[in-house]
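In what follows, a structure is listed as structure tokens, so that the remarks can point back to it.
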Number of protein chains: 2
Amino acid sequence: MTIGQKIRELREKTGMLQRELAYELKVGDAYLSKIESNQKNLKKEHLTTISKLFKYSYSELETLWLANKVYDLIKDEKKAIEVLKVAEQEIKYRKTL
Amino acid sequence: MTIGQKIRELREKTGMLQRELAYELKVGDAYLSKIESNQKNLKKEHLTTISKLFKYSYSELETLWLANKVYDLIKDEKKAIEVLKVAEQEIKYRKTL
DNA sequence: TACATTTGACCAAATTAAGTCAAGTCAAAT
DNA sequence: ATTTGACTTGACTTAATTTGGTCAAATGTA
């Protein structure tokens, strides 16, 4: 599940049009279309609006949003999974400091 | 192990000074100091030079370099580990498409 | 002292973010 | 068969941020 998919899911479940949600977010509908297909990242602030609008956990949206950023960084790498493991170890290690 | 630590390790093992390695990389020694302490990221191209200079696996350097970028992105997040899990699932999922 | 390294403040250039607009697609209704 | 409405796409723009550094001063350290 990506942040884009989640937003689309929330929107469609309430029968809202892209145009309508875009209006709430104060962006154009073309931009929202790209957000839902993960071609663009939305601002973190928009997560707040979405969270309130659909009464959906902000924290979960934030996790998906961050995961999407990580994904963007390594999606084209063959070693993507290994990279994540190394990053994970680093996080765990530095937590203990 | 971070990319900065690895570079320092390689440099020190050969008794090289920051100034000397910096010269090879055509950067200032202050900048190299920051690279070794992960305050700055080096260019991917520099990995090639380092790999050749110390005869150390390019692929491993690249993994550390990428992991460092991922780390930078989520280091301040409480949910860092969870974010990595979500990103990992996304990578695995999209690979099967 | 002198050499190696680190740090903070700063900078220009390159990149990314955050969009827009117009044209195009696609399905359903007319 | 054409219109309509929802959505998508590509090309573009502008502003903000990041990258990739530098220099001078401070801090170890032998």
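Because only heavy atoms are used, hydrogens play no part in the values below, and waters and symmetry mates are left out as well, while side chains stay in.
Of the candidate nucleotides D/dT9, D/dC7, D/dT22, D/dC7 has the atom nearest to the side chain of A/L17. Of the candidate nucleotides D/dT9, D/dC23, D/dA6, D/dT9 has the atom nearest to the side chain of A/K34. Side chain of B/Q18, nearest nucleotide from C/dT5, D/dT8, D/dC23: C/dT5. Out of C/dT6, C/dT5, C/dT7, the shortest distance to the side chain of B/R11 is found at C/dT5. Candidate nucleotides C/dT5, D/dG5, C/dT6 were compared by shortest atom distance to the side chain of B/A30, and C/dT6 ranks first. Comparing C/dT6, D/dT8, D/dT22 by their closest approach to the side chain of B/R8 singles out C/dT6.
Rounded to whole angstrom, the span from the CD atom of B/E12 across to the P atom of C/dA4 amounts to 13 Å. Rounded to a whole Å, the CG atom of A/N41 is 12 Å from the P atom of C/dT16. One atom, CD of A/E45, and another, P of D/dA16, lie 13 Å apart when rounded to the nearest Å. A/I35 places its CD1 atom 12 Å from the P atom of D/dT8, with the value rounded to the nearest Å. In this structure, OH of B/Y23 is placed 18 Å from P of C/dT5, rounded to the nearest angstrom. Atoms CD1 (B/I7) and C1' (C/dT5) sit 16 Å apart, rounded to a whole Å. Remark: P of D/dT18 and CG of B/L73 are 10 Å apart, rounded to the nearest angstrom. Between the CG atom of B/N38 and the C1' atom of D/dT19 there is a distance of 16 Å, rounded to whole Å.
Of the charged side-chain nitrogens involved, none lies within less than 4.0 Å of a carboxylate oxygen, so that B/E82 and B/K85 do not count as a salt-bridged pair.
Heavy-atom neighbours of B/Y23 OH from other residues, nucleotides or ligands within 6.0 Å: at or below the threshold of 12.
In this structure, B/H46 does not reach the D/dT19 phosphate: none of its side-chain N or O atoms is under 4.0 Å from OP1 or OP2. Within the structure, a side-chain polar atom (N or O) of A/Q39 is placed less than 4.0 Å from OP1 or OP2 of D/dT9. Between B/S33 and C/dT5 there is no side-chain N or O to OP1 or OP2 distance below 4.0 Å.
With hydrogens and angles ignored, no donor-acceptor pair closer than 3.5 Å exists between the side chain of B/K26 and the base of D/dG21. One can find a donor-acceptor pair under 3.5 Å joining the base of D/dG21 and the side-chain atoms of B/K40.
Among the heavy atoms of the strands lying under 4.0 Å from A/K43 are primed sugar atoms or P, OP1, OP2 only; no base atom is included. Residue contacts for B/D29: at a heavy-atom cut-off of 4.0 Å it reaches a base atom on one of the strands shown.
For D/dA15, the paired base is C/dT16 (Watson-Crick or G-U wobble, both distances below 3.5 Å).
Side-chain contact between B/F54 and B/L21 is present, with at least one heavy-atom pair separated by less than 4.5 Å. Side chains of A/Q18 and A/E36 form a contact here, defined as non-hydrogen atoms less than 4.5 Å apart.
The structure places OG1 of B/T14 at 11.0 Å from CD of B/E9, a figure rounded to the nearest 0.5 Å.
Residue A/Y56 is tested with A/L10, A/I50, A/L47 for a side chain to side chain contact (heavy atoms under 4.5 Å, CB included); the sole match is A/L10.
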